[in-house]
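Just below is one structure, and these are the notes that go with it.
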2 protein chains.
Amino acid sequence: MEQMSRNLAFQLKKIRQQRHLSLDDVAKATGVSKAQLAQIEKGEANPTVSTIWKIAAGMRMSFSSLLQPPTAHYMRYSSKDVPHVDEDEGRYRVYSIIPYNPERGWEFYKVEMEPGAVSRSEAHTEGVEETVMVIKGQAIISAGDMHELLDEGDTLVFSGHQPHEYRNTSEGLTIFHLILQYK
Amino acid sequence: MEQMSRNLAFQLKKIRQQRHLSLDDVAKATGVSKAQLAQIEKGEANPTVSTIWKIAAGMRMSFSSLLQPPTAHYMRYSSKDVPHVDEDEGRYRVYSIIPYNPERGWEFYKVEMEPGAVSRSEAHTEGVEETVMVIKGQAIISAGDMHELLDEGDTLVFSGHQPHEYRNTSEGLTIFHLILQYK
DNA sequence: TACATATGTCTGATAAAATAAACAATAGAA
DNA sequence: TTCTATTGTTTATTTTATCAGACATATGTA
């Protein structure tokens, strides 16, 4: 994604002008060509790890500080372009509200289930934690020997490391929010 | 440097076989070609940030965990191939023992000064901390209004944010170790 | 055994990252 | 003003990262 490029662009430009260095100075210090540095600072580049390494080493910075996102920053996710996936012949619909992002570590879904609809999930890898918040309707969440009936407003947090199941036990549509948190 | 490639290779391979996935699986999950993934796992690749992003996102990992160096790991720096720089007509010699590494954040030098030799350094950027340990001889370290005379065995820590000076005040060769720590 | 599927490796083609050098724009000094 | 640095941008070229698909090697299944 061009998220990283933006971070890199911001941080590099910031410290370069904090230190009052020209592109030539940085090029000499890092061994990366001036043209490439200019591209990077404009966020129009997709550098390789070795290039980033050279910059970090030459500027005496850590990776984290070089790739850190700028503070005070926001992102809007429009409801218009939310991708969604159907299961159970369209009776179970999953909308990806906030897609996974390596900087964040979690993702956010909205789920709609028709009456009687069921969804089964395989065990996720190791340390995945699921948070379910029922917005409307009623559902039973099962995992191992856990069977919890959630009403409107109820929230459940559980480990997704074993197979689990969502079941709409109400007469109408059930809607809930779902957060998947990765370790 | 190929340091990052090694870390990436190690971590990717590790979690791939922890999750019992094939290269095809990972290719499908991340959108990175199988050939490229194979190269990366062998440490023979120099991927771009967008490729790393795709891997991190597809595998639901953070950058840090993907780029983390394997634990239990050592590195030997041989005295044979230590680069060095001379100043003051060869009477001030700096040997780079451990070069800067973005993962570590500091670098290590050995310095030799002939009798009467002087070295002046410009102010380093912001949060640079210098540590001087005199191994042999005697030196005066000055920075701002600080003037410290160090004898064999003495150690001085000071901020390198202003111009400073090393001066060998002994009759013989003075040797000291120098650590530069970056914020 | 033969067959099928799955898995990692290798190869050639293509897209793109990276460089070096030319260029234009700017600022400073004589 | 003119001349000379200095700075960032642009262009042309080389290098290489990436991909799709072919290949070889297993690993089961009938």
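A note on names: the letters A, B, ... follow the listed sequences, proteins ahead of strands, and every chain is numbered from 1. Everything numeric in this text was worked out from a predicted model, so none of it was measured.
- D:dA5 takes the syn form, because its glycosidic angle lies no more than 90° either side of 0.
- Toward the 5' end of DNA chain C, the nearer of the two residues B:Lys42 and B:Asp24, judged by each one's closest nucleotide, is B:Asp24.
- For C:dT19, the paired nucleotide is D:dA12, the pair qualifying as Watson-Crick or G-U wobble because both relevant distances are below 3.5 Å.
- Checking D:dA17, C:dA18, D:dC19 against the side-chain heavy atoms of A:Thr51 singles out C:dA18 as nearest.
- Each of C:dT9, C:dA18, D:dT11 was ranked by its minimum atom distance to the side chain of B:Leu23; first place goes to C:dT9.
- Close to C:dA22, at under 4.0 Å from its OP1 or OP2, lies no side-chain N or O of A:Lys34.
- Protein atom NZ of A:Lys13 is 15 Å distant from nucleotide atom P of D:dT7, rounded to whole Å.
- Between C:dT7, D:dG8, C:dA18, one nucleotide has an atom nearer to the side chain of B:Ser22 than all others, and that is C:dT7.
- The side chain of B:Ala35 lies closest to D:dC19, out of D:dC19, C:dT19, C:dT9.
- Looking at the side chain of A:Thr48, the nearest of the listed nucleotides C:dT9, D:dA17, D:dT11 is D:dA17.
- Distances shown here put every side-chain N or O of B:Lys28 at or beyond 4.0 Å from the OP1 or OP2 atom of C:dA6.
- The distance between atom CG of A:Leu37 and atom C1' of C:dA20, rounded to the nearest whole Å, is 14 Å.
- The distance between atom CD1 of A:Ile52 and atom C1' of C:dA18, rounded to the nearest whole Å, is 14 Å.
- For the pair B:Ile40 CD1 and C:dG8 P, the computed distance is 15 Å after rounding to whole Å.
- Counting heavy atoms from C-beta on, the side chains of A:Ile98 and A:Arg104 come closer than 4.5 Å.
- Under a 4.0 Å N-O distance rule, the pair B:Glu152/B:Lys136 does not qualify as a salt bridge.
- A centroid separation of 6.0 Å or more is found between the aromatic rings of A:Phe63 and B:Phe63.
- In the set D:dC19, D:dT10, C:dA17, the nucleotide with an atom closest to the side chain of A:Asn46 is C:dA17.
- Inter-residue side-chain proximity for B:His164 and B:Ile141 is flagged as unmet; no heavy-atom pair is nearer than 4.5 Å.
- In a base pair of the Watson-Crick type (N1 to N3 plus N6-O4 or O6-N4) or a G-U wobble (N1-O2 and O6-N3), with each distance short of 3.5 Å, C:dT26 is matched with no nucleotide.
- Here the side chain of A:Pro47 is nearest to one of C:dT9, C:dA18, D:dC19, namely C:dA18.
- In this structure, the CD atom of A:Gln39 is 9 Å from the P atom of C:dA17, given to the nearest Å.
- A close approach under 4.0 Å does occur between a side-chain nitrogen or oxygen of A:Arg16 and OP1 or OP2 of D:dG8.
- B:Glu41 places its CD atom 13 Å from the P atom of C:dT7, with the value rounded to the nearest Å.
- Nearest to the side chain of A:Ser33, among D:dG8, C:dA18, C:dT7, sits C:dA18.
- Rounded to whole Å, the distance from CD1 on B:Ile55 to P on D:dC19 is 9 Å.
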side-chain contact (heavy atoms from CB on, under 4.5 Å), that's the test. Do A:Tyr182 and B:Met61 meet it? Break it down for me. CA-CA 7 Å; A:Tyr182 302 85; B:Met61 309 176 62; over 6 Å; no
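- Rounded to whole angstrom, the span from the CG atom of A:Leu12 across to the P atom of D:dG8 amounts to 11 Å.
- In terms of modelled atom types and a separation under 3.5 Å, the side chain of A:Arg60 and the main chain of B:Leu180 share no donor-acceptor contact.
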